[in-house]
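Remarks on the structure that follows.
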Amino acid sequence: MKYLLLILALLGVTASCLALREHYREAGDSPCSINAHWDCGIVNHSPFATLDGILRPSAIEPNASLRKIPVAAIGILGYILMAALAFTRSYRMLLAATLAGLGFSLYLAHIEKDILQVWCIYCVISLGIISLMSLLTLGTVITEGRRAARVR
């Protein structure tokens, strides 16, 4: 399970890096601008693409220090943390991290669906990865718990 979770975390880092690249790319130059409903450029250039936009979308201040932290960078750091937890087989801590990541990813999906009404393919891929990691980690924690109960 350790190696599968490591591979998924690496894929998550890759998807987050691609989203971060879109964040810093010039507007209108997005290679994943598929149609009116799928455009990574629109999503990653929106006010919601930074931590400050997520926390206070109606009160964005030009000089806010949090505004400079892209959500994709938080994703990269999160997946690196999850990879480290998977590598050390700290599955209970990994479960907490994956569930937190899943909750944040679902919140971002809500913003894409209901507010922006545009989807980012990299964000949807990341949502799939964190969902799968959460399920696999939950299954691993349950299985380990049952094994420990049998040994007693």
Side-chain angles (χ1 to χ4, degrees), residues 1-88 90-141:
M1 189 57 60
K2 167 184 168 177
Y3 294 107
L4 179 57
L5 289 167
L6 282 169
I7 290 168
L8 288 170
L10 180 62
L11 291 173
V13 168
T14 303
S16 295
C17 284
L18 291 169
L20 186 62
R21 184 183 70 172
E22 286 303 312
H23 180 77
Y24 288 112
R25 186 186 299 271
E26 294 294 320
D29 218 13
S30 178
C32 62
S33 176
I34 299 168
N35 58 33
H37 299 288
W38 291 91
D39 191 333
C40 298
I42 291 173
V43 173
N44 285 291
H45 288 105
S46 77
F48 299 100
T50 59
L51 187 58
D52 191 49
I54 294 293
L55 297 176
R56 299 180 297 125
S58 62
I60 296 175
E61 300 170 13
N63 296 324
S65 61
L66 288 177
R67 184 174 184 176
K68 297 177 180 163
I69 302 174
V71 170
I74 295 167
I76 293 168
L77 294 174
Y79 280 118
I80 290 171
L81 170 68
M82 289 178 221
L85 292 171
F87 184 76
T88 60
S90 303
Y91 294 121
R92 288 184 183 200
M93 289 175 55
L94 179 59
L95 180 60
T98 58
L99 291 177
L102 179 61
F104 189 60
S105 193
L106 288 170
Y107 176 68
L108 294 174
H110 154 69
I111 289 172
E112 290 180 46
K113 177 184 176 281
D114 297 326
I115 298 172
L116 298 175
Q117 298 179 346
V118 177
W119 292 92
C120 167
I121 191 73
Y122 304 132
C123 304
V124 172
I125 290 169
S126 180
L127 176 59
I129 291 168
I130 194 66
S131 298
L132 185 55
M133 286 183 75
S134 296
L135 287 172
L136 290 172
T137 306
L138 178 62
T140 301
V141 169

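By convention here, the first residue in the shown sequence is residue 1.
- Residues satisfying the side chain to side chain donor-acceptor pair (under 3.5 Å) criterion with Thr14, sequence neighbours excluded, are absent altogether.
- Between Cys120 and Asn44 the shortest side-chain heavy-atom distance falls below 4.5 Å.
- Every residue meeting the side chain to side chain donor-acceptor pair (under 3.5 Å) condition with His110, not counting sequence neighbours, appears here in chain and number order: Asp114.
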Show, in sequence, the C-alpha distance, side-chain angles and deciding distance for Ile129 and Ile125, and conclude whether the side chain to side chain contact (heavy atoms under 4.5 Å, CB included) test is met. CA-CA 6 Å; Ile129 291 168; Ile125 290 169; 3.8 Å; yes

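- Note that CD1 of Ile130 is 10.5 Å distant from CG of Leu135, once rounded to the nearest 0.5 Å.
- Using a 4.5 Å heavy-atom cutoff, the side chains of Leu20 and Ile76 are in contact.
- By the side chain to side chain contact (heavy atoms under 4.5 Å, CB included) test, Thr88 pairs with Ser90, sequence neighbours left out.
- The shortest non-hydrogen separation linking Arg25 to His45 is O-NE2, 2.7 Å.
- With values rounded to the nearest 0.5 angstrom, Leu136 atom CG is found 5.5 Å from Leu4 atom CG.
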Going through the checks in order, is the side chain to side chain contact (heavy atoms under 4.5 Å, CB included) test met by Met82 and Leu94? CA-CA 6 Å; Met82 289 178 221; Leu94 179 59; 3.7 Å; yes

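- In this structure, OG1 in Thr140 is found 10.5 Å from CE in Met133, a value given to the nearest 0.5 Å.
- Under the rule for a side chain to side chain contact (heavy atoms under 4.5 Å, CB included), the partners of Leu138 that lie at least two apart in sequence or sit in another chain are Leu95, Ile142.
- Taking CG from Asp39 and OG from Ser46, the interatomic distance works out to 11.0 Å, rounded to the nearest 0.5 Å.
- Legend: side chain to side chain donor-acceptor pair (under 3.5 Å) pairs involving residues 115-135, not counting sequence neighbours, sorted by first then second residue: Tyr79-Ser126.
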Please step through side chain to side chain contact (heavy atoms under 4.5 Å, CB included) for the pair Thr50 and His23, ending with a clear verdict. CA-CA 9 Å; Thr50 59; His23 180 77; 3.9 Å; yes

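- A 4.5 Å side-chain heavy-atom check between Trp38 and Ile121 finds at least one atom pair inside the cut-off.
- A distance of 8.0 Å separates OG of Ser105 from CD of Glu112, quoted to the nearest 0.5 Å.
- Summarising the geometry, atom CZ belonging to Phe48 is positioned 5.5 Å from atom CD1 belonging to Ile111; distances are rounded to the nearest 0.5 Å.
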List the atom pairs, donor and acceptor, that lie under 3.5 Å between side-chain atoms in residues 5-12 and the rest of the protein, sequence neighbours left out.
none

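- Residue Lys2 qualifies as enclosed at atom NZ: its count of foreign heavy atoms under 6.0 Å is above 12.
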